[in-house]
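Values reported hereafter were calculated over all heavy atoms of this structure, with side chains retained and with hydrogens, waters and symmetry mates removed. We count residues from 1, following the sequence as given.
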Amino acid sequence: MSRDTLADIINSLRNADMNRKGTTRIPFTNITKSIIQILLREGFIENARKHREKDKSFFVLTLRHRKGPHRTSFNLKRISRPGLRIYFNYQRIPRVLGGMGIVILSTSRGIMTDREARLEGIGGETLCYIW
């Protein structure tokens, strides 16, 4: 695991979805907790539970798999990264697929989706796109 927590989350979710695994493990941090709550609320994952082994805590996530001939994959794209931070004010927050996807932002009031940030009228660092 690297020091870039968000990249680890995105990669483990993407790998689990591509391999059609039902579950994946993610290290427990406050950022991870906030992002998982957003993913649960938006319906991208089915279940998340906190698990502890020895002195390490982590989340076990159950992914929501789409079935049938028109199965689409779970797409995540990292926008802001440690070497290049990208910020938007609330009027310029991008819409993913015309509002079908979500943008996860880190704001002064915590981590939230693009819709919540527009309603509150605050901008922030754009972490990732999910569709």
Side-chain angles (χ1 to χ4, degrees):
M1 292 287 176
S2 68
R3 292 183 184 218
D4 189 6
T5 313
L6 186 60
D8 292 340
I9 295 168
I10 289 173
N11 286 332
S12 61
L13 287 173
R14 188 181 297 139
N15 289 340
D17 186 58
M18 285 175 47
N19 293 331
R20 296 186 182 186
K21 287 187 176 180
T23 60
T24 186
R25 288 173 38 162
I26 295 175
F28 177 81
T29 62
N30 289 333
I31 294 172
T32 305
K33 182 179 174 184
S34 300
I35 291 174
I36 288 173
Q37 288 173 349
I38 290 172
L39 292 175
L40 277 169
R41 193 176 30 199
E42 296 290 328
F44 288 105
I45 58 177
E46 283 184 23
N47 189 13
R49 66 182 190 274
K50 187 177 175 183
H51 188 71
R52 185 172 179 87
E53 275 184 16
K54 297 180 185 173
D55 60 344
K56 302 272 183 173
S57 294
F58 56 89
F59 281 110
V60 177
L61 304 178
T62 305
L63 300 179
R64 180 173 303 236
H65 287 289
R66 298 164 193 98
K67 297 176 182 168
H70 302 292
R71 181 190 179 275
T72 58
S73 62
F74 182 60
N75 295 309
L76 297 112
K77 183 176 181 185
R78 177 73 191 264
I79 303 301
S80 187
R81 51 191 171 88
L84 177 65
R85 304 288 186 185
I86 298 176
Y87 298 91
F88 289 106
N89 64 7
Y90 77 97
Q91 297 165 338
R92 295 182 182 244
I93 296 173
R95 294 183 190 274
V96 178
L97 293 177
M100 297 287 290
I102 61 171
V103 177
I104 296 181
L105 299 162
S106 176
T107 66
S108 59
R109 297 185 192 157
I111 295 178
M112 60 179 67
T113 64
D114 56 335
R115 289 180 222 117
E116 295 168 347
R118 282 190 201 98
L119 285 173
E120 293 192 22
I122 55 175
E125 180 184 353
T126 304
L127 298 177
C128 62
Y129 296 160
I130 301 173
W131 69 96

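C128 SG to I9 CD1: the interatomic distance, rounded to the nearest 0.5 Å, is 8.5 Å. Note that CD of E116 and CZ of R118 are 11.0 Å apart. Values are rounded to the nearest 0.5 Å. Separating the CG atom in N11 from the CZ atom in R14 is a distance of 5.5 Å, to the nearest 0.5 Å. With rounding to the nearest 0.5 angstrom, the CD1 atom of I111 is 12.0 Å from the NZ atom of K33. In this structure, T107 OG1 and I122 CD1 are separated by 3.5 Å, a value rounded to the nearest 0.5 Å.
L63 places none of its side-chain heavy atoms less than 4.5 Å from the side chain of K21. A 4.5 Å side-chain heavy-atom check between I26 and D8 finds every atom pair outside the cut-off. With contacts defined as side-chain heavy-atom distances shorter than 4.5 Å, the pair L39/L13 qualifies. Looking only at side-chain heavy atoms (C-beta outward), Q37 and L40 stay at 4.5 Å or farther from each other. Side-chain contact between R25 and S12: absent, with no pair of heavy atoms (C-beta onward) separated by less than 4.5 Å. A heavy-atom distance below 4.5 Å is not found between the side chains of Y129 and L76.
G124 and L105 make their closest contact through O-CD2, 4.2 Å (heavy atoms, listed as atom of the first residue, atom of the second, distance). When every heavy atom of A16 is checked against every heavy atom of T23, the shortest pair comes out as CB-O, 4.4 Å. Among all heavy-atom pairs drawn from D114 and I102, the shortest one is OD1-CA, 4.0 Å.
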Please report, to 0.1 Å, the donor-acceptor pairs under 3.5 Å made by any side chain of residues 77-90, with sequence neighbours excluded.
unit_1: R78; atom_1: NE; unit_2: S80; atom_2: O; d: 2.3
unit_1: R78; atom_1: NH1; unit_2: D4; atom_2: OD1; d: 3.0
unit_1: R78; atom_1: NH1; unit_2: D4; atom_2: OD2; d: 2.9
unit_1: R78; atom_1: NH2; unit_2: S80; atom_2: O; d: 2.8
unit_1: S80; atom_1: OG; unit_2: I86; atom_2: N; d: 3.2
unit_1: S80; atom_1: OG; unit_2: E125; atom_2: OE2; d: 2.6
unit_1: R85; atom_1: NH1; unit_2: E125; atom_2: OE2; d: 3.0
unit_1: N89; atom_1: OD1; unit_2: Q91; atom_2: N; d: 3.4
unit_1: N89; atom_1: OD1; unit_2: R92; atom_2: N; d: 3.1

Original post:
So I93 and T126, side-chain contact (heavy atoms from CB on, under 4.5 Å) or not? Walk me through it.
Top reply: CA-CA 8 Å; I93 296 173; T126 304; 5.8 Å; no
**OP:** Start with the C-alpha distance between E120 and R115, add both sets of side-chain angles, then the distance that settles salt bridge (Lys or Arg N to Asp or Glu O under 4.0 Å), and finish with yes or no.
**Re:** CA-CA 9 Å; E120 293 192 22; R115 289 180 222 117; over 6 Å; no
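If you chain together hydrophobic residues whose side chains sit under 4.5 Å apart, I130 and I10 fall into the same group. Hydrophobic clustering keeps V60 apart from I45 (ILVMFWY residues linked when any side-chain heavy atoms are closer than 4.5 Å, directly or through intermediates). Cluster membership for I35 and M112, using ILVMFWY side-chain heavy atoms within less than 4.5 angstrom, is not shared.
Taking the centre of each ring, F58 and F28 stay at or above the 6.0 Å mark.
No donor-acceptor pair closer than 3.5 Å links the side chain of R41 to the backbone N or O of I36.
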